Amino acid sequence: MDLKQLITEIEQEIAAAEIKGQEQLEAFRIAYLGSKNKLKDLYKELKSVPNELKKEVGQAINALKTLAEDKFNEAAEANSKKSSGNLSKFDLSRPAEEIEIGARHPLAVVRNEIIEIFSRIGFSVSEGPEIEDDWHNFSALNFPPEHPARDMQDTFFIQKGDDEMALRTHTSSVQVRVMEGEEPPIRTISPGRVYRNEAISARAHCFFHQVEGLYIDTDVSFADLKQTLLYFAKEMFGEKAEIRLRPSYFPFTEPSAEVDVSCTICNGDGCNVCKYTGFLEILGCGMVDPNVLEACGIDSKKYAGFAFGMGVERIAQLKYRVNDLRLYSENDVRFLEQFKSAY
Ligand code: DAH
């Protein structure tokens, strides 16, 4: 009889099925135990089997089902043993290998710290282009036309179409851009790279980094400038840090000053780093010259402001005692690795 033969065939098929791996196991499950499995057709056929044979045939189909289930369970168990067998090849108690993480560049570390210190007292960050025109780098900042700083010695000039442009020599150019574009009150710092045509040595480089600060509002005084810089020095170099202002000259500020911080190495007692003066120079600053305010479209009768500019390499040198500027751009990993713990 057809049905009996079919049962025998499927029985042989099941017995002979080789189940290796997860995929074959799933294929077997679908064929013999899934919602549209082959045995379901046999059960349907059972209806047309003569009554006296129904019991016998029904049992045969049930036996097939049991056979398929047993075969499936057996294969599934073998399968999972095999994969846990794989796992046992690994020594899970072995300490993990150390993962080498990169380090931030020391100049980025210091720049981020400066930004953070000033952002705590409400300064935003603004940036400007490294290729600048004469107006933003010099003229608007009150440099007279014959000022020696425009000299070829200091500035890299480049030709851009018909225009003579320059690589900015300081981030003070960003002051001008901010004042031209915004209404006071203005409170911003501008970090960035600057360029000067200097021979490369331990103490000078043709490019370095600055952070410019600018504060414009009604009633801004020199006392505000001093207090802001004292706050900065203490945040950057520690609570014991003191500052000292010396009169100086910049075309864009009046009055102008240079700021020293008490020596980070001897705390002001005198050592060879501060040349026994107890102080180290860290930045230039002053009250924004009214000529600069007017050149940038700000009413100098209504508004006043202060500005300052510091070298990032200089701050990093004092914080990390790096004495050669060239180290910052040589990318020697033995140098860079030492800043791993810094953020
Ligand atoms: N631009 C100056 C320089 O590169 C630094 C500076 C001095 C910036 C005084 C200022 C400032 O904003 O007020 O040497």
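Numbering of ligands and ligand atoms starts at 1, following listing order. Only this structure's heavy atoms are used, side chains among them; waters, hydrogens and symmetry mates stay out. Note that the structure is predicted; figures quoted are calculated from it, not measured.
Evaluation of the side chain to side chain donor-acceptor pair (under 3.5 Å) rule for S173 yields no partner, not counting sequence neighbours.
Note: R168 CZ to E130 CD = 5.0 Å, rounded to the nearest 0.5 Å.
Using a 4.5 Å heavy-atom threshold, the side chains of N323 and Q317 count as touching.
None of F250, F138, W135 except one satisfies the ring pair (Phe, Tyr, Trp, His ring centres under 6.0 Å) rule with F143; the exception is F138.
By the rule that hydrophobic residues join a cluster once side-chain heavy atoms approach within less than 4.5 Å of another member, L229 and I186 end up as members of separate clusters.
In this structure, Y195 has its ring center no closer than 6.0 Å to that of F208.
Within 4.0 Å of ligand 1, counting heavy atoms only, the contacting residues are H170, S172, Q175, R196, Q210, E212, F250, F252, T253, G284, C285, G286, A307, F308, G309.
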